[in-house]
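First the structure, in the form of structure tokens, and then the observations on it.
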Amino acid sequence: MKNIALFACDNGLGHIRRASILSTILSKYFKVNFFIQKKKIKKFLNPSRAKIINFQFNFKNKKKHYLRSNYMRRFKSKNLSNFDAVYSDNFPEIIQTNKKAFIFANFFWHYEFGIETPLYRNLNKELINKKTTIFVNYLFFKKYLLKYNLVKVPFFGKFIKTKKKNSILISFGTADYAYEKQIKNKIFQVLKLNDSPKIKIFIEPKYYKKKFRKFNVYKATFSKKMYDQISVAYIKPGLGTVEECLMRGIPIVCYTYNAQKEFRHNAKVIIKNKLGFKAKNFKLGFLLSKKILTDKNFIKSHENKCKKLIWDGELKIAKYLHKKIK
């Protein structure tokens with residue numbers, strides 16, 4: 001079997017989740033070497049036949065940190081030319097390590113940071129000249145990627161019909177917010193609006209406090225068991241969480257205040273495709289989430305809409321790679 005090296009950005013969990021799902025399918029065709037933090041991969045589908053190699057990007061969503069980290073050099077240090085192919089979600093720098101390089105990316109970090117150094121201008125040219133395959137989600141990719149060799153793919157996974165249990169997920173992601181304390185205070189204020197003890201609320205660990213238990217609040221685990229209970233998700237719309245919601249027909253209320261470009265873009269796509277809503281402020285977002293809970297007809301209609309989305313993206317990528325890597 002051919003050997004493939006697989007990498008995933010460790011900013012948040014969406015990239016790791018996607019690469020983990022793909023690695024399980026790829027293991028049917030290749031010997032997969034998954035370069036990832038072992039402690040983070042445990043949160044997802046542990047690839048049964050993939051070799052896990054402990055590797056840390058320690059990515060921080062900041063321009064200075066990105067430039068200082070020099071991911072091109074870090075990739076080259078791994079002698080990736082010994083592999084039959086390399087795959088990265090979502091670092092384009094990997095193309096300098098192997099003749100057969102493949103990328104999943106709905107955006108590039110150096111574009112988001114506005115980096116226009118000679119190093120990255122040459123990288124952009126190299127991506128075009130080599131006609132490097134870049135897999136993108138068919139709805140959520142940034143339009144500036146259209147000049148590259150794109151392969152549009154469906155959402156990862158399959159639609160799942162779940163028995164929702166009158167629960168709300170409140171999650172604003174793993175990115176660092178300068179106003180984290182302010183968010184915690186806002187959460188405490190809106191939880192006082194939960195006048196129905198029948199409504200169960202899951203909050204990501206970062207913002208959870210023991211005193212919230214009296215409002216029927218629980219620490220979010222982001223496991224399959226948790227997602228299967230959720231009726232409405234009030235979230236910062238990272239694609240990993242968005243995908244988990246769409247595959248279960250969970251309506252999304254987007255929280256984007258002071259969020260990075262990626263999340264504001266995703267919110268626009270969600271609203272444009274009528275897959276969710278955006279509230280003007282924190283309180284209205286929570287009240288809207290509660291209102292959606294009571295609209296059973298809307299929830300049923302939303303489930304049908306999500307079911308009609310295109311799924312099995314990991315299968316399309318795996319079949320493509322199997323054909324190209326010979």
- [ ] For Asp312 and Lys316, run salt bridge (Lys or Arg N to Asp or Glu O under 4.0 Å): C-alpha distance rounded to whole Å, both residues' side-chain angles, the deciding distance at 0.1 Å, then the answer.
- [x] CA-CA 7 Å; Asp312 289 325; Lys316 181 170 181 177; over 6 Å; no
Less than 6.0 angstrom from the centroid, inside 45 degrees of the normal: does [X] satisfy that with respect to the ring of [Y]?
X: Lys209; Y: Phe188; answer: no
X: Lys200; Y: Tyr218; answer: yes
X: Lys296; Y: Phe298; answer: no

Does a side-chain heavy-atom distance below 4.5 Å link [X] with [Y]?
X: Lys60; Y: Asn11; value: no
X: Thr256; Y: Pro237; value: yes
X: Phe282; Y: Tyr255; value: yes

Task: Positive for side chain to side chain donor-acceptor pair (under 3.5 Å) with Glu93, one of Tyr120, Trp109, Tyr71 - done: Tyr120
TODO: Measure up the Phe156 and Phe104 rings against each other and bin them: parallel (under 30°), tilted (30 to 60°), perpendicular (over 60°).
DONE: perpendicular
Task: Plane angle bin for Tyr234 and Phe172 - parallel if under 30°, tilted between 30 and 60°, otherwise perpendicular - done: perpendicular
- [ ] Report the residues that fulfil salt bridge (charged side-chain N to carboxylate O under 4.0 Å, His left out) with Lys100, sequence neighbours left out, ordered by chain and then residue number.
- [x] none
Task: Positive for ring pair (Phe, Tyr, Trp, His ring centres under 6.0 Å) with Phe7, one of Phe91, Phe83, Phe75, Tyr87 - done: Phe75
Open item on the list: Pairing donors with acceptors under 3.5 angstrom, does anything connect the side chains of Gln37 and Asn54?
Closed with: no
Open item on the list: If the condition is ring pair (Phe, Tyr, Trp, His ring centres under 6.0 Å), which residues does Tyr148 pass it with, not counting sequence neighbours?
Closed with: Phe108
TODO: Step through the shown structure and confirm whether more than 12 heavy atoms of other residues, nucleotides or ligands are within 6.0 Å of NZ on Lys142.
DONE: yes
